[in-house]
Novice: 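Handing you a structure now.
Because the structure is a prediction, the values reported are computed rather than measured.
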Amino acid sequence: MLESAPMPLPVSEVERELTHTRRLRYEGYKRADGLWDIEAHLLDTKNHDYQLKTGVRRAGQAIHDMWLRVSIDRDFNVVDALASMDAVPYPGGCEKIPPAYRKLVGLNLLRGFRKRTWELLGNVRGCTHLTEMLAGLPTAAIQTFAGERQEEHDDGTKPFQLDQCHALETSSETVKIWYPKWYKGKAA
């Protein structure tokens, strides 16, 4: 029998006030040309007027409003990459970096992607927020492909998701129930 769904975080026992909201969204698109687009969007707002060096941002007005899109093939290779910024805290400076994200072309989302993107775009080589968004692209792409590819292949290769998280470790009860062919049992 499956366990019931976990409860949300408990209500804080200490009075508090919301001061900042960051929304981060990933969307995956199947394209007519056989490629796939994975888009990321980051939006930061405050619930109060906020004084920046560059001027006041009114409550609810975006401080960061940034976008990334990578186009990938069925093997998770990046064939195109774009970045854009609709709102930034330092106009005239921040908007200069999006072309650097073309360096993603040629990378593979499943083979060393996070490490390589940090080498190419970490620190002053990129924008902190855009580069942070890159970390979620591999799992967003995997979820985009869910249901589009066979989970278990005729060639006997282990399903991709096994041994990628604690619930799907091949010695787990989850694997024993749902993927018995791949269950390894607990190590002694």
Novice: Salt-bridge test for E119 and K103: reply yes if a basic N is under 4.0 Å from a carboxylate O, no otherwise.
Specialist: no
Novice: When you look at NZ of K176, are more than 12 heavy atoms from neighbouring residues, nucleotides or ligands closer to it than 6.0 Å?
Specialist: no
Novice: Find out if a path of hydrophobic residues (ILVMFWY) with successive side-chain heavy-atom gaps under 4.5 Å connects L107 to L110.
Specialist: yes
Novice: Could you tell me which non-hydrogen atom of T54 sits nearest to which non-hydrogen atom of P89, and how far apart they are?
Specialist: OG1-O, 2.7 Å
Novice: Could you see if I177 belongs to whatever hydrophobic cluster contains L162? Use Ile, Leu, Val, Met, Phe, Trp, Tyr and a side-chain cutoff under 4.5 Å.
Specialist: yes
Novice: Does D80 come within less than 4.0 Å of R69, counting only side-chain N to carboxylate O?
Specialist: no
Novice: Going by heavy atoms in the side chains, are L82 and L68 under 4.5 Å from each other?
Specialist: no
Novice: Measure the spacing between CD of E169 and CD of Q164 and express it to the nearest 0.5 Å.
Specialist: 11.5 Å
Novice: Are any non-hydrogen side-chain atoms of N77 and I72 less than 4.5 angstrom apart?
Specialist: no
Novice: Considering residues at least two apart in sequence or located in another chain, which fulfil the ring pair (Phe, Tyr, Trp, His ring centres under 6.0 Å) criterion with F145?
Specialist: W36, F76
Novice: For residues C127 and I97, report the shortest heavy-atom separation together with the two atoms involved.
Specialist: CB-CG2, 3.8 Å
Novice: Could you state whether I38 and I142 fall into the same hydrophobic cluster, counting links through intermediate Ile, Leu, Val, Met, Phe, Trp or Tyr residues with side-chain heavy atoms under 4.5 angstrom apart?
Specialist: yes
Novice: Is the side chain of Y29 donor-acceptor paired with the backbone N or O of S71 at a distance under 3.5 Å, no angle test?
Specialist: no
Novice: Between Y101 and T131, does any side-chain donor sit less than 3.5 Å from a side-chain acceptor?
Specialist: yes
Novice: Under 4.5 Å between any side-chain heavy atoms of R22 and L43, yes or no?
Specialist: no
Novice: Test side chain to side chain contact (heavy atoms under 4.5 Å, CB included) on V88 and E95 and set out the steps.
Specialist: CA-CA 8 Å; V88 296; E95 306 91 338; 3.4 Å; yes
Novice: Honestly curious: do L24 and V70 fall in one hydrophobic cluster under the side-chain, below-4.5 Å linking rule?
Specialist: yes
Novice: Atom CD in Q143, atom CD in Q161: separation rounded to 0.5 Å?
Specialist: 9.5 Å
Novice: Work out which heavy atom in G28 is nearest to a heavy atom in T144; give both atom names and the distance.
Specialist: CA-OG1, 3.3 Å
Novice: Step by step, would you call Y50 with V56 a side chain to side chain contact (heavy atoms under 4.5 Å, CB included)?
Specialist: CA-CA 6 Å; Y50 179 61; V56 174; over 6 Å; no
Novice: Is there a side-chain contact between L104 and L121, using heavy atoms and a 4.5 Å cut-off?
Specialist: yes
Novice: Got a sec: does the CZ of R111 have more than 12 other heavy atoms crowding it under 6.0 Å?
Specialist: no
Novice: Yes or no on side chain to side chain contact (heavy atoms under 4.5 Å, CB included) for H20 and T45, after CA distance, side-chain angles and deciding distance?
Specialist: CA-CA 6 Å; H20 180 80; T45 58; over 6 Å; no
Novice: For A167, is there any backbone N or O sitting under 3.5 Å from a side-chain donor or acceptor partner on S172?
Specialist: yes
Novice: If you draw a 6.0 Å radius around OH in Y183, do more than 12 non-hydrogen atoms from other residues or ligands fall strictly inside?
Specialist: yes
Novice: I need the minimum non-hydrogen distance between L130 and A83, along with the two atoms involved.
Specialist: CD1-CB, 4.0 Å
Novice: Side-chain contact test, heavy atoms from C-beta onward, threshold under 4.5 Å: evaluate it for T174 versus L168 and give yes or no.
Specialist: yes
Novice: Less than 4.5 Å apart, any side-chain heavy atom of Y26 and any of M133?
Specialist: yes
Novice: Nearest 0.5 angstrom please: R116 CZ to L134 CG, how far?
Specialist: 13.0 Å
Novice: Taking a hydrophobic cluster as the set of Ile, Leu, Val, Met, Phe, Trp and Tyr residues connected by side-chain heavy atoms closer than 4.5 Å, whether directly or through intermediates, do W178 and W182 fall within one such cluster?
Specialist: yes
Novice: I need the full list of salt bridge (charged side-chain N to carboxylate O under 4.0 Å, His left out) pairs touching residues 50-66, with sequence neighbours left out, sorted by first then second residue.
Specialist: D49-R58
Novice: Decide if atom CZ of R23 counts as having more than 12 heavy atoms of other residues, nucleotides or ligands within a radius under 6.0 Å.
Specialist: no
Novice: Tell me the closest heavy-atom pair linking N47 and L18, and the distance in Å.
Specialist: ND2-O, 2.5 Å
Novice: With a 4.5 Å cut-off on side-chain heavy atoms, are N123 and W118 touching?
Specialist: yes
Novice: Using a 4.5 Å cut-off on heavy atoms from C-beta on, say whether the side chain of D86 contacts that of M66.
Specialist: no
Novice: Go through the steps to decide whether R125 and L120 satisfy the test side chain to side chain contact (heavy atoms under 4.5 Å, CB included), and finish with yes or no.
Specialist: CA-CA 7 Å; R125 296 177 299 278; L120 292 170; over 6 Å; no
Novice: Where is the tightest heavy-atom contact between V105 and A81, given as atom of each residue plus distance?
Specialist: CG2-N, 3.8 Å
